Amino acid sequence: MQTFVRRLPSSWKWALNDPRISRTSPQWLLTSCSGRRAASAAVALAKAPPAEYEPPTYPTYQLTEKDTQRLSFQRNIGVSAHIDSGKTTLTERVLFYTGRIREIHEVRGRDAVGAKMDSMELEREKGITIQSAATFCDWEATCPATNDKQKYAINIIDTPGHVDFTIEVERALRVLDGAILVLCAVSGVQSQTTTVDRQMRRYNVPRISFINKMDRPGANPWRVINQIRSKLKIAAAAVQVPIGAEDELKGMVDLVRWKAIYNEGEKGIDIVESDEIPESVLDLAKAKRTELLEQLADVDDEIGELLIMDEIPTTAQLVAAIRRATVGLKFSPVFLGSAIKNTAVQPMLDGVCAYLASPAEASVTAHDTTQPLSAPPVPLVPAADAPLVGLAFKLEEGRFGQLTYMRVYQGTLKKSGIIYNARTGKKVKVPRLVRMHSNEMEDIESIGPGEICAIFGVECSSGDTFTDGSTSFSMTSMFVPEPVISLAIQPQGKETPNFSRALNRFQKEDPTFRVHLDKESKETIISGMGELHLEIYVERMRREYNVACTTGKPRVAFRETITQRADFNYTHKKQTGGAGQFARVIGYIEPMEFSEELGRDVNFENIVMGGNVPTNFIPAVEKGFYEALEKGSLSGNPITGCCFVLKDGAFHAVDSSELAFRNATIGAFREAYKSTKPVILEPIMTVEVVAPSEFQSAVIGGLNQRRGTIIDSEVRDEEFVCIAEVALNDMFGYSSQLRGGTQGKGEFSMEYKNHMPVLPNVQKELEEAYRKTLPQAKK
């Protein structure tokens, strides 16, 4: 039996003889262990499985009759789609028909006004949406089952279509209960449609589909519906059939209520319904209604049983089945229309109210921060009397300070009330509470669960949870993609405080926009999702902050990684005048896949036994590892996909310090790194090119020149679509080449897919280029 006595400072000697401390108490300083395995036994005890975890019970809150009444007539929806599908044009019509705006203005601001939801001057100039904008409206919807009219309150968020602004779509869908997926009747399912579909699935958002631009030559909704089924892998069927086609589009046949619907009056404001279906579309309408029932039968048991029994469902049964399947994420009803021609927008609004989920039907959970991460999530109830839980999903710099967009999930948020930030624990007062209508505001005193509002003067970050202090709940944050492109930026002339102020503000508002200072070149580097993304921010700095900037050549976000395991046994010694530096680390580094549990692909593991490396130096070793990852020795880019395992080491009672162990780890990592056969990774983009059919060979030849891999190509009517995977480094200047090769008729969009190893000759070039930038001593 061995006894280990911890050496005590003389000021603590009283503790050995103090009668108040019993020798069996955990404070007692003598530890008895047998054998040399004392430390490993202690580790084993520490790793012993804990007692079975029992989750705490939480008070349950019931929805009152008032809550149920309010929530059943409330809808929170987003409008999402590929670029130029007509999202903002559609939202403009919705606002006009619901009485929120007095007249319709078009997107590009030709009349010097521009669409309501595109409030930024840059958006009106370029004709694109850059920031998502929120608004609210009331709509008197016709219930398809009973034909009764009921008033609904709708919160709408109009989102951008460009992949560069994908975070705007991401955070909008994070807080919404339903969405309208807008598709072009000619182009159909495009690359960004697939991205939006993936985001909707990530947050379990039910959707209705709206095939827009039915007035365009070549409009073919049935091909688009087949694409929804085959490419988006969701059951879908039209609930309308067009009367007339292309420029002869007159109205729609409602297959659920079996009525013909026409838009009349100024800008299609009056809806005229008729029980008489035009002879020209009667057969098509019957066939499409049968198709609707067959598609529903695949996803809804009740309709399936009725069809087996050869019974025809009633309108009420059909409406209930469409709603059940849509809210259950199994089906998407497809509406048709033309927003620019003011046709069939109102029936789509009726569909939003009839088929999309209310806030009470959406299942929302939170995590109790006092419990372990593996604890089951806590369901939230949209009851007004329950404790407050709200999520700040978007920040904006307004005229009156920071404007924070918030979705209230539970409880009531009141003006002048005290709320707590779940992440920081800080309590703040709500100085001003508003409802947003694009860039206009309407002051309110309080807002209930299921609503979207904005608050002023509250310092927080995007994705923070706010409570009333009585609970410790926190909502899960949204998914943030990694930046793929970087630029060196510097102000023209003398640097002013506005330069850093602008960069700090944009970084806070947009999690995909990153800023860092290159340690060697001392340049400010901005990173983002694409060339357009960074170009917009540079332009906004000039306009909003009066800071004109010059930018360098775009840089691709290369990465480095290891391909095999390597052991290290490294000693760091340095003797100076006073105390020296001594540290020794032993272990290995090995490749690592992305871990869903950890949410990253780099990890530090400590399996030191016997205290050869004191525990107070372990954080220094970890810090040294993460510091070494910042810059690889091949090309100076960050290292990913690496696991560092510390097995053993040695220390000196006097000369060892945190700095010594940090330097030892960096040296050990760099030494072992050379033996791991490291490779450089480059971002690979999924590129979608749309061009007239006669330019097919020119487009495919152009992609092959850029080392592209053709994944899929499809020829339809007069145009063809080509999907390829191309390295981002080879995509610079593609826009002008495509325009030149297709007489200006081709267009392309691209989206980040993953990082892949570069070709050996490219790796050699990158290594040589990096070596030239190093100081002479380091080469």
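As the structure is a prediction and not an experimental result, all values here were calculated from the model.
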Below 4.0 angstrom, N of the basic side chain to O of the carboxylate: do Glu246 and Arg216 qualify? no
Determine yes or no for a side-chain-to-main-chain donor-acceptor pair under 3.5 angstrom, with Glu719 supplying the side chain and Ser693 the backbone. no
For the pair Asn212 (side chain) and Ser85 (backbone), establish whether a donor and an acceptor sit closer than 3.5 Å, ignoring hydrogens and angles. yes
Pair listing, ring pair (Phe, Tyr, Trp, His ring centres under 6.0 Å) test, anchored in residues 163-194, at least two apart: Phe165-His533
Between the main-chain N or O of Gln190 and the side-chain N or O of Thr194, is there a donor-acceptor pair closer than 3.5 Å? yes
Within 45° of the axis and under 6.0 Å from the centre of the six-membered ring of Trp222, does NZ or CZ of Lys288 qualify? yes
Phe136 ring centre to Arg100 NZ or CZ under 6.0 Å, with the angle to the axis within 45°? yes
Sorted by chain and residue number, the side chain to side chain donor-acceptor pair (under 3.5 Å) partners of Gln295 (sequence neighbours excluded) come out as none
Quick one: side chain to side chain donor-acceptor pair (under 3.5 Å) partners of Thr512, sequence neighbours excluded? Asp510
Using only atom types and a distance under 3.5 Å, with no angle test, would you say the side chain of Ser230 pairs donor to acceptor with the backbone of Asn226? yes
Taking only Lys NZ, Arg NE, NH1 and NH2, and the carboxylate oxygens of Asp or Glu, determine whether Arg324 and Glu361 approach each other closer than 4.0 Å. no
Nearest heavy-atom neighbours spanning Ala238 and Leu255: O-CD1, 3.5 Å
Given 3.5 Å as the limit, does a donor-acceptor pair link the side chain of Gln227 with the main chain of Val189, or not? yes
Of all the heavy-atom pairs spanning Val256 and Thr315, show the shortest one and how long it is. O-CG2, 3.7 Å
In terms of side-chain geometry, is the basic nitrogen of Arg289 or Glu294 positioned less than 4.0 Å from the acidic oxygen of its partner? no
Apply the test side chain to side chain contact (heavy atoms under 4.5 Å, CB included) to residues Ser332 and Thr326: give CA-CA distance (whole Å), side-chain angles for both, the deciding distance (0.1 Å), then the verdict. CA-CA 6 Å; Ser332 175; Thr326 306; over 6 Å; no
Between Arg75 and Asp177, is there a salt bridge with N-O shorter than 4.0 Å? no
Can you give me the closest heavy-atom contact between Ala724 and Leu703, atom names plus distance? CB-CD1, 4.0 Å
Look at the side chain of Glu168 and the backbone N and O of Pro160, then say whether any donor-acceptor pair between them is shorter than 3.5 Å. no
Which is it for Thr343 and Ser338 under the side-chain hydrogen bond (donor to acceptor under 3.5 Å, both in side chains) test, yes or no, and what are the steps along the way? CA-CA 5 Å; Thr343 305; Ser338 168; 5.2 Å; no
Using the test side chain to side chain donor-acceptor pair (under 3.5 Å), find all partners of His162 that sit at least two apart in sequence or belong to another chain. none
Just to verify, what does Glu531 make a side-chain contact (heavy atoms from CB on, under 4.5 Å) with, not counting sequence neighbours? Ile485, Pro554, Phe732
Examine distances only and state if a side-chain atom of Ser274 and a backbone atom of Glu276 form a donor-acceptor pair shorter than 3.5 Å. yes
For Leu391, is there any backbone N or O sitting under 3.5 Å from a side-chain donor or acceptor partner on Arg174? no
If you draw the axis of the six-membered ring of Tyr409, does the NZ or CZ of Arg407 fall within 45° of it and under 6.0 Å from the ring centre? yes
Can you pull out every salt bridge (Lys or Arg N to Asp or Glu O under 4.0 Å) where at least one residue sits in residues 182-209? Sequence neighbours excluded, please. Glu170-Arg202, Asp197-Arg201, Asp197-Arg207, Arg198-Glu751
Measure across Ser358 and Ser72 and return the closest heavy-atom pair with its distance rounded to 0.1 Å. CB-CA, 4.3 Å
Ring centroid separation for Phe73 and Tyr152, is it under 6.0 angstrom? yes
Before accepting this row, confirm whether a basic side-chain N of the pair Arg257/Glu273 lies closer than 4.0 Å to the acidic partner's carboxylate O. yes
One thing to verify: whether Glu451 and Arg435 come together as a salt bridge, which I'm taking to mean a side-chain N less than 4.0 angstrom from a carboxylate O. yes
Using a 3.5 Å distance criterion without hydrogens, assess whether the side chain of Asn76 forms a donor-acceptor pair with backbone atoms of Gly450. yes
Spell out, as yes or no, whether a donor-acceptor pair under 3.5 Å connects the side chain of His437 to the backbone of Thr135. no
Shortest non-hydrogen pair, Ala691 vs Thr742, comes out as CB-CG2, 4.1 Å
Does Thr146 reach the side chain of Cys143, with side-chain heavy atoms less than 4.5 Å apart? yes
Between Arg171 and Glu396, is the salt bridge (Lys or Arg N to Asp or Glu O under 4.0 Å) condition met? List the steps. CA-CA 13 Å; Arg171 54 184 167 199; Glu396 222 175 76; over 6 Å; no
Rounded distance (nearest 0.5 Å) linking atom CG of Leu532 with atom CD1 of Ile130: 7.0 Å
Tell me which one of Gln150, Lys149, Gln346 satisfies side-chain hydrogen bond (donor to acceptor under 3.5 Å, both in side chains) with Thr142. Lys149
To the nearest 0.5 Å, how far apart are SG in Cys722 and CD1 in Ile710? 4.0 Å
